[in-house]
There are 2 protein chains.
Amino acid sequence: MSSEDPQPAPASPTLEDVARVAGVSRATVSRVINGIRNVDPEIQEKVRQAVATTGYVPNRAARSLVTRRTGSIALVVSGAGGEGGAEDPFPSRVFGDPFFGRVASGVLGFLRPRGMHPVLMLAETAEAREQVISYLRQGNADGALLVSTHPADPMPKLLVDAGAPAVLFARPSRPTPISYVDLAHRTGGALAADHLVSLGRRRVATITGPLALPAGQDRMAGFQEAMARHGHPYVPVVEGNFTHDSGEASMQRLLAEHPDVDGVFVANDLMAQGALVALREGGRRIPEDVAVIGFDDSSVALACRPQLTTVRQPMEDMAAEMARLLLAHIEEPDRRATSVIFEPVLVVRQSA
Amino acid sequence: MSSEDPQPAPASPTLEDVARVAGVSRATVSRVINGIRNVDPEIQEKVRQAVATTGYVPNRAARSLVTRRTGSIALVVSGAGGEGGAEDPFPSRVFGDPFFGRVASGVLGFLRPRGMHPVLMLAETAEAREQVISYLRQGNADGALLVSTHPADPMPKLLVDAGAPAVLFARPSRPTPISYVDLAHRTGGALAADHLVSLGRRRVATITGPLALPAGQDRMAGFQEAMARHGHPYVPVVEGNFTHDSGEASMQRLLAEHPDVDGVFVANDLMAQGALVALREGGRRIPEDVAVIGFDDSSVALACRPQLTTVRQPMEDMAAEMARLLLAHIEEPDRRATSVIFEPVLVVRQSA
DNA sequence: TTGAAAGCGCTAACAG
DNA sequence: CTGTTAGCGCTTTCAA
C-alpha cells in the first residue's frame, strides 16, 4: 500500500502462477483459457479473476510446440528468375502495385478476427524460394498464400512437393494440384467488348497483359470472342506487360498502325493510364474520339482523367476467399485442391 | 534398394534423430547447428552429414520456447479512431498507398538476410491496438515497427508502456521516449523553395499535408522560411490531407484565390498529381505557366504528365534503418531511444 | 570437447 | 468435473 517491492525480474506469469492464485491445477486453467466446457462456472470465474490479477497471457511458443499450430500464415509474393541483380527493384515494384495492397487488405480482414496473422515473404530468387519452403517446414507458418507474378514461377510446385497447405492467387500456368482463387477473365474481356460495341465503337483494339500469363491470354480471348460475336472477327492486338510505361508505348504503336481506332480495351488500369497519356499526346479526346476501358478497378482508375471505365476485379473478396480456403486446408490436410472463380463486373465511369 | 517402405507418418526428424544417426548426443548436434565452436571438426562433419541425410530442420517453436526469441517482428500500420465503421476503407487505403510498398520493401531487404520476418498488422481501432500489444506480450514477435498515419495515434505510448522494443516511422506528435527514423522535412521544403525561386517564380503557393502531422507542419515551415529568406515572406497556403482528391480540390481553391500563381509546392506526390489535373482544367501549362514540385518521389511522380519534379524521401533506406534500430533494441533491451534523420534530395524532372 | 539432465510453458490423455 | 502425468523439441548449465 505504500511502496513497491523492487521486483527482481517481472517475468511474465505462467499457467502455473495463475493456477496457484486460483487454487486449481494448470490443466484447469488451460481448459478455461481455451474455452473447453466441462468446467464448473464458479471455478471458471475464479480462474478468470486470477488471469486478470496476474496479467497472464499464454506463451505462444509453448502452445505451438504441443499443438503444432502457429497461428501464422505466409503471404508470399513470388516472381521467377534465378538470381536477381543486387539492385533488384522487384520488391518495391510489387509492393508498390495497388494490387498488392488490396490483397493484403482482404487477407487481413479475414485472418484477423480468427486470431491469425500473415507473414510477408518474397520469393523472387531460388534462394528466397528455399527460404520460404524451409520457413514452412520449420513450422513457422501453418500454410502459404501465394501471389505469383510470373508464368514460369516454380513456387507452386515447390509448395506442393513440400506438402504445405497453400492457395494461389490465379490459376497456375502449368497444371498443378493446388487450390487457387481466380477471376473469370474471359467474361471480363467480353464485358468490355459488349460495352464498346453498345457505345457504337467499331474500330476497336486491345492492349493485353503478358500473353504467357493465363490472365493475359484470357482477358484478350474473351474480348476477341465477344467482338467476333458482334461481327468483328479481327481485332488489333498489342502485348503489354501491365506497367504504366508499356501501356503508353503500346498505345503509341496502336495509334501509328491504326490511327482510326475508336475504342481500346486495356488489360489493366495501370496500362490504361499510360494509354490515356499516349492518346492525349496523339490529340485524341476521350471518350469522344477513343473510348478506353481498363481492368481491375484499382485506385488509379479514379486518378485518371477522365476517370476510367473498367472491369472490376473484387480483389479483397478474392483474397479473403484465399485465406478461407487456406484455413480449410490447414484444418483438413487431405482436402482436395479446389478452385473458386469470381465474376467481374463492369464499372462505367467517364472514359467509355 | 528396390521398394520404399510405406512410412506411416514421415514426421519431421528431430535433434534426437540426427543425434542417433550421427552417433553423438543431442547437445552436440545443437552446438553444430548453432555454430558454436569447441566441436571437433570431424564430429562437425559427421553431424552435417546426418542433418543432410535426415533432412532435419530445427523446430522454431521449441527453439523459441527456450531462447525467448521468435525471429519475427511486427510491422504495424496504425491509425487512430475508436471504432471504425463496418466497411472501413482504411486497410485498402493504407496498403494501396505506394508509400507502404516502399516501407515493406526496405524492411524486408534488411530483415531477410538476417533470417527475420515481418508480420503484417493493422492497428486502427482500440481493439486492434490491444491485439497488437497482446501479440507482442505473447512473444509472437520480438518487437514492432510502427508506421503511424494519425497524429493522435495512441500506439506509440502503448508500445512504450508495454516495454516492447519498437521503432517508429516519423517523429511522434507527442514527445514519447521511443526511437524513430525521420526525414529532414524542413530541408525538403527549403529545397523546393530554392528551386522555384531559381526558376524565376515569384508568385508561389503551397498545398500542405495535414498540419496536425509534424511532417505536414515541417514541410510547410521549411518552404515558408526559405521563401522568406528569398524575400517572399507571404506564401498562400491551402491545407490538404495527402490524397489525390484533396490535391485537386486544393489547387482549384488556390487558382480561384490566386489566379496569377506561377509555382506550387505540394506536400506529396499524390496531391501533386491531383493538382496537375486542376491546373490543366484551369488552362495552365506546366511548367510554363505554373511550376509544380511534389514530395516523396513515389511511383506516381513518374506516372504524371509532365513527370513530377519532387523532393525525394529515401523510404527504403529509412525503413531499413528502422529495422536496424529495432534489432539493436532487441539485442540490448535497455538501449536508449534514438532518432535517425535522413536528408531529402530534389529530383528535377519536367514539372518544375 | 562431449554427454546427461533439467527445464522453457503449454496441452492432452488418462485417471480419479 | 478436476488433477496428475507425460511429453512437444530445443538449449544450456554442469560434470565428466
Side-chain angles (χ1 to χ4, degrees), chain A residues 9-48 50-51 54-72 115 134-140 142, chain B residues 9-48 50-51 54-72 115 134-140 142:
Chain A
S12 52
T14 70
L15 261 197
E16 187 70 54
D17 299 322
V18 179
R20 193 168 342 96
V21 171
V24 297
S25 74
R26 281 205 318 269
T28 300
V29 178
S30 176
R31 287 183 189 111
V32 172
I33 286 174
N34 293 299
I36 293 176
R37 43 182 185 293
N38 295 350
V39 177
D40 185 303
E42 260 181 55
I43 298 208
Q44 271 188 48
E45 191 43 38
K46 230 185 324 191
V47 170
R48 258 185 267 286
V51 167
T54 53
Y56 171 79
V57 279
N59 174 316
R60 189 106 82 147
R63 183 178 279 178
S64 288
L65 188 54
V66 35
T67 60
R68 267 115 212 315
R69 283 288 177 74
T70 64
S72 303
S134 164
Y135 189 80
L136 291 166
R137 292 223 307 142
Q138 289 188 166
N140 279 300
D142 301 330
Chain B
S12 51
T14 71
L15 261 197
E16 186 70 53
D17 299 322
V18 179
R20 194 168 340 97
V21 171
V24 298
S25 75
R26 280 203 321 265
T28 300
V29 178
S30 176
R31 289 184 187 110
V32 172
I33 286 174
N34 292 300
I36 293 177
R37 43 182 186 293
N38 295 350
V39 177
D40 186 302
E42 261 181 52
I43 298 208
Q44 272 189 47
E45 189 45 36
K46 229 186 325 191
V47 170
R48 257 185 269 285
V51 167
T54 53
Y56 171 79
V57 280
N59 173 316
R60 189 104 81 146
R63 183 178 279 178
S64 288
L65 188 54
V66 34
T67 60
R68 266 112 211 317
R69 283 287 178 74
T70 66
S72 303
S134 164
Y135 189 79
L136 291 166
R137 292 224 307 142
Q138 289 189 162
N140 281 301
D142 301 331

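Note that the structure is predicted; figures quoted are calculated from it, not measured. Lettering follows sequence order; numbering is per chain, from 1.
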* Asked: In whole Å, what is the span from the CD1 atom of Ile33(A) to the P atom of dT11(C)?
  -> 7 Å
* To do: Whole angstrom is fine here: how far is it from CG in Asn59(B) over to P in dC10(C)?
  => 17 Å
* For DNA chain D, which nucleotides open and close the run of contacts to chain A, 5' to 3', at under 4.0 angstrom from a non-hydrogen atom? -> dC1(D) to dG9(D)
* Would you tell me if any nitrogen or oxygen in the side chain of Asn38(B) comes within less than 4.0 Å of OP1 or OP2 on dT1(C)? => yes
* Rounded to the nearest angstrom, tell me the gap between atom CD in Glu16(A) and atom P in dC8(C). => 9 Å
* **Shortest non-hydrogen contact from Ser25(A) toward Ala19(A)** => C-CB, 3.7 Å
* Structure fact -> Here the gap from Tyr135(A) atom OH to Ser72(A) atom OG, rounded to the nearest 0.5 Å, amounts to 6.0 Å
* Those residues that, when tested against Arg31(B), pass side-chain contact (heavy atoms from CB on, under 4.5 Å) (two or more places apart) -> Ala27(B), Thr28(B), Ile36(B), Val39(B)
* With sequence neighbours left out, write down each residue that passes salt bridge (Lys or Arg N to Asp or Glu O under 4.0 Å) with Arg20(A), or none if nothing qualifies. => Asp17(A)
* **Listed partners of Ser30(A) passing side-chain contact (heavy atoms from CB on, under 4.5 Å), at least two apart** => Leu15(A), Asn34(A)
* Structure fact -> With sequence neighbours left out, the residues meeting side-chain hydrogen bond (donor to acceptor under 3.5 Å, both in side chains) with Thr70(A) are Asp142(A)
* To do: Starting from the first five and the last five pairs of the helix from dT1(C)-dA16(D) to dG16(C)-dC1(D), work out the angle between the resulting helix axes, to 10 degrees.
  => 40°
* Asked: Can you tell me how far P of dG7(C) sits from CZ of Arg68(B), to the nearest Å?
  -> 14 Å
At a cut-off of 3.5 Å, list every protein nitrogen or oxygen paired with a nitrogen or oxygen from nucleotides 12-14 of chain C, distance to 0.1 Å.
unit_1, atom_1, unit_2, atom_2, d
dA13(C), N6, Arg31(A), NH2, 3.4

* To do: Tell me, please, which residues at least two apart from Arg69(A) pass salt bridge (Lys or Arg N to Asp or Glu O under 4.0 Å).
  => none
* Please check the phosphate of dG3(C) (OP1 and OP2 only) for any side-chain N or O of Ser25(B) closer than 4.0 Å. => yes
* Euclidean distance, atom CG of residue Leu65(B) to atom P of dT11(C) [Å, nearest integer] -> 12 Å
* To do: Could I get the full list of salt bridge (Lys or Arg N to Asp or Glu O under 4.0 Å) partners for Arg26(A), not counting sequence neighbours?
  => Glu16(A)
* What pairs with Asn59(A) under side-chain hydrogen bond (donor to acceptor under 3.5 Å, both in side chains), at least two apart in sequence or on another chain? -> none
* Structure fact -> Sorted by chain and number, sequence neighbours left out, side-chain contact (heavy atoms from CB on, under 4.5 Å) with Arg48(B) holds for Val32(B), Gln44(B), Glu45(B)
* Side-chain contact, heavy-atom cut-off 4.5 Å: Tyr56(A) with Ile33(A)? -> yes
